[in-house]
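Residue numbers count from 1 along this sequence. Every number for a ligand or one of its atoms is a count from 1 in the order of the listing.
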Amino acid sequence: MTAGNGSTASSFDVVVVGAGFAGLYALHRLRGMGLSVRVFEDGGGVGGTWYWNRYPGARCDTESLQYSYQFSEELQQDWHWSERYATQPEIERYLNHVADRFDLRRDIKLNTRVDSLVFDEAAGRWTVGTSEGGTTSAAFCVMATGCLSSPMTPKIEGLESFAGPTYHTARWPHEKVDFTGQRVGVLGTGSSAMQAVPLIAEEAAHLTVFQRTANYAVPAWNGPLDAGYLQWFKANYAENRRRAKRLVSGFLCYYNPQSALEVSQEERDREYEKRWREGGIGYLGAFSDITTNDDANRTAADFVHRKIRSIVKDPALAELLIPNSVIGCKRLCVHAGYYATFNRDNVTLVDMKSNPIERITPNGVIVAGREYRFDSLVLATGFDAMTGALNKIDIRGRGGDRLRDKWADGPRAHLGLVTAGFPNLFIVAGPGSPSVLTNMVPTIEQNVDFIAGCIAHTRAQGFDAVEPAVAAEDAWVAFNDEVAHGTLRYGCSSWYLGSNVPGKKRVFMPFVGGLPAYIQRCEEIVRAGYEGFIFSRARRGNTR
Ligand code: NAP
């Protein structure tokens, strides 16, 4: 049996791990270069994040017209997004459409988890071990494993003893979960919880939300896409995409160049009010120094505090829902009726700031000596972000060295894409790339295009292997750390820093310098003949 290019079915030019936005585009792009490609996907369908996160209310917080591929003009013209922010089912349908439209399924193996990746130095190839039991050989591996794909289940005494069903938002069942008439507990108040809580509250007899840290959220004001706007956007898609790439976040938004501190309070509030009414994470673009200056940040935070007080009728409850941290330090949430949900008679907030959960019993949760009883428990407790999915795989590079050991003191990857000692291993949206701080889809496309170019260059020069020089990697990691320290990002506990995972080294993982600076650096490196990359021949060990 042969695959593309005449390779045997268990030997490919490239193995891609994951079939979400990144894996699907990597397959399409690399196959288009004439390479034989095999994608392994743990899930029972394509979609990645949008396959697993099926909880009530799950939808994207980036506008649908922009949170979509741009590699095919026909695709972006043909596909019809129905709402400003797409729901999980709509994005999953879109990704299934992409898989069919570009005939991707024939090279994707679903329900197959990659457990190990071992680099054979003599052969200059990776041996890929999967849950199927067999091994596959590949010259190159592309890790399209996702930034937020390794769910965190907290270690709380008694969790296993809970008698009712327990659901994690990131592993939600495919069939509808009906909470009608039930008492439900939700643990966590991040983006996932904020989307799920209003809908669960409408269905359940009673909902108890357990909050350890209050979180900032701005409204989405979601709704059907305006026909005129849709028409304009599609007529100018290419130009809109170009403009978006010149903005730090990679999505269209007006970034006000003024400081929040150089205008009067009235002017500031007018700008915040305008952004609040527009909805979405563009709120943080209201002034240039919100994420870098404490005083400026406080003005943006105070405005949200006032909004929460105006929405939540019980003043004491409002105070519990008001975060006391830097706004934008944790990921800013986008919600639809989250704060107003706490005005309902069937919703209770349990503040755990000073009283963590003591234990979970068969009937519910004990906090501060009191048992809260319910029928179902929802864990909206987040992810081991950016490194979790990679570290779950036993990845061994040169000399048998393990990636998880190399990264024990924080991830190290040049441009977030490649890591020294692990030749021919590429990471899409890896730690050190802009990824989660930007519109993920264009960033993924840029990463995949870079990887495709690097593989093409390696082969065209007659080399078998490519990896970054340690000095180039060290310089990039140090640069990212320096840029991150110039922001307010270290001012809270967040998954960006890994501080939600017990024992994880506290390092700011995504590249915080913005998409244009990142693209510029990638382009400079390519123009300089892949400066900072080492190319070699496997058997002869010939390097340059
Ligand atoms: P998250 O933001 O990490 O929130 C997890 C929540 O669980 C936090 O409130 C956390 O409290 C709490 N928690 C965790 N362990 C706990 C424990 N042992 N005891 C008590 N509370 C505990 O996770 P998420 O809500 O799943 O969101 C993760 C990211 O996914 C988002 O930031 C966003 O980037 C992405 N996402 C996006 C969308 C969207 O596009 N709209 C939707 C969902 C998710 P602490 O804050 O105190 O740690």
Could you go through the side-chain hydrogen bond (donor to acceptor under 3.5 Å, both in side chains) check for His414 and Thr419 one step at a time?
CA-CA 6 Å; His414 187 32; Thr419 184; over 6 Å; no
With heavy atoms of Arg59 as the reference, note each atom of ligand 1 found under 4.0 Å away.
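Under 4.0 Å from Arg59, ligand 1 has these atoms: 39 (C), 40 (O), 41 (N).
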Numbered atoms and elements of ligand 1 in range of Lys330, under 4.0 angstrom, heavy atoms:
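Under 4.0 Å from Lys330, ligand 1 has these atoms: 45 (P), 46 (O).
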Please verify the inter-ring angle class for [X] with [Y]; under 30° counts as parallel, over 60° as perpendicular, anything in between as tilted.
X      : Y      : answer
Trp50  : Tyr67  : perpendicular
Phe374 : Phe210 : perpendicular
Phe303 : Tyr272 : tilted
Tyr338 : His335 : perpendicular
Tyr167 : Trp172 : tilted

Out of [options], who is nearest to [atom] when you count heavy atoms only?
atom                    : options                        : value
atom 22 (C) of ligand 1 : Met194, Lys155, Met352, Arg212 : Arg212
atom 33 (C) of ligand 1 : Ser191, Gly382, Pro502, Cys333 : Ser191
atom 3 (O) of ligand 1  : Tyr496, Tyr67, Trp495, Tyr85   : Trp495
atom 25 (O) of ligand 1 : Ala380, Ala385, Ser192         : Ser192

Which residue and non-hydrogen atom of the protein lie closest to [atom], and at what distance in Å?
atom                    : result
atom 45 (P) of ligand 1 : Thr213 OG1, 3.4 Å
atom 18 (N) of ligand 1 : Pro154 CB, 3.3 Å
atom 4 (O) of ligand 1  : Gly190 CA, 3.6 Å
atom 43 (C) of ligand 1 : Tyr55 OH, 3.2 Å

Backbone, side chain, both or neither: what part of [X] comes under 4.0 angstrom of ligand 1, heavy atoms only?
X      : answer
Gln211 : neither
Leu148 : side chain
Phe383 : side chain

Is it true that a side-chain atom of Arg404 and a backbone atom of Asn391 form a donor plus acceptor pair closer than 3.5 Å?
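The answer is yes, because a donor-acceptor pair under 3.5 Å joins these two groups.
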Pair His97 + Phe102: ring centers closer than 6.0 Å
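Centroid distance His97-Phe102: not below 6.0 Å, so no.
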When you measure from the centre of the six-membered ring of Tyr496, is the NZ or CZ of Arg331 under 6.0 Å away and within 45° of the axis?
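Arg331 over Tyr496 ring: no.
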Check if [X] has a non-hydrogen atom at a distance under 4.0 Å from any atom of ligand 1.
X      : result
Cys60  : yes
Thr189 : yes
Leu187 : yes

For the pair Glu203 and Lys176, find out whether any cationic side-chain nitrogen is under 4.0 Å from an anionic carboxylate oxygen.
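Lys176 and Glu203: salt-bridged.
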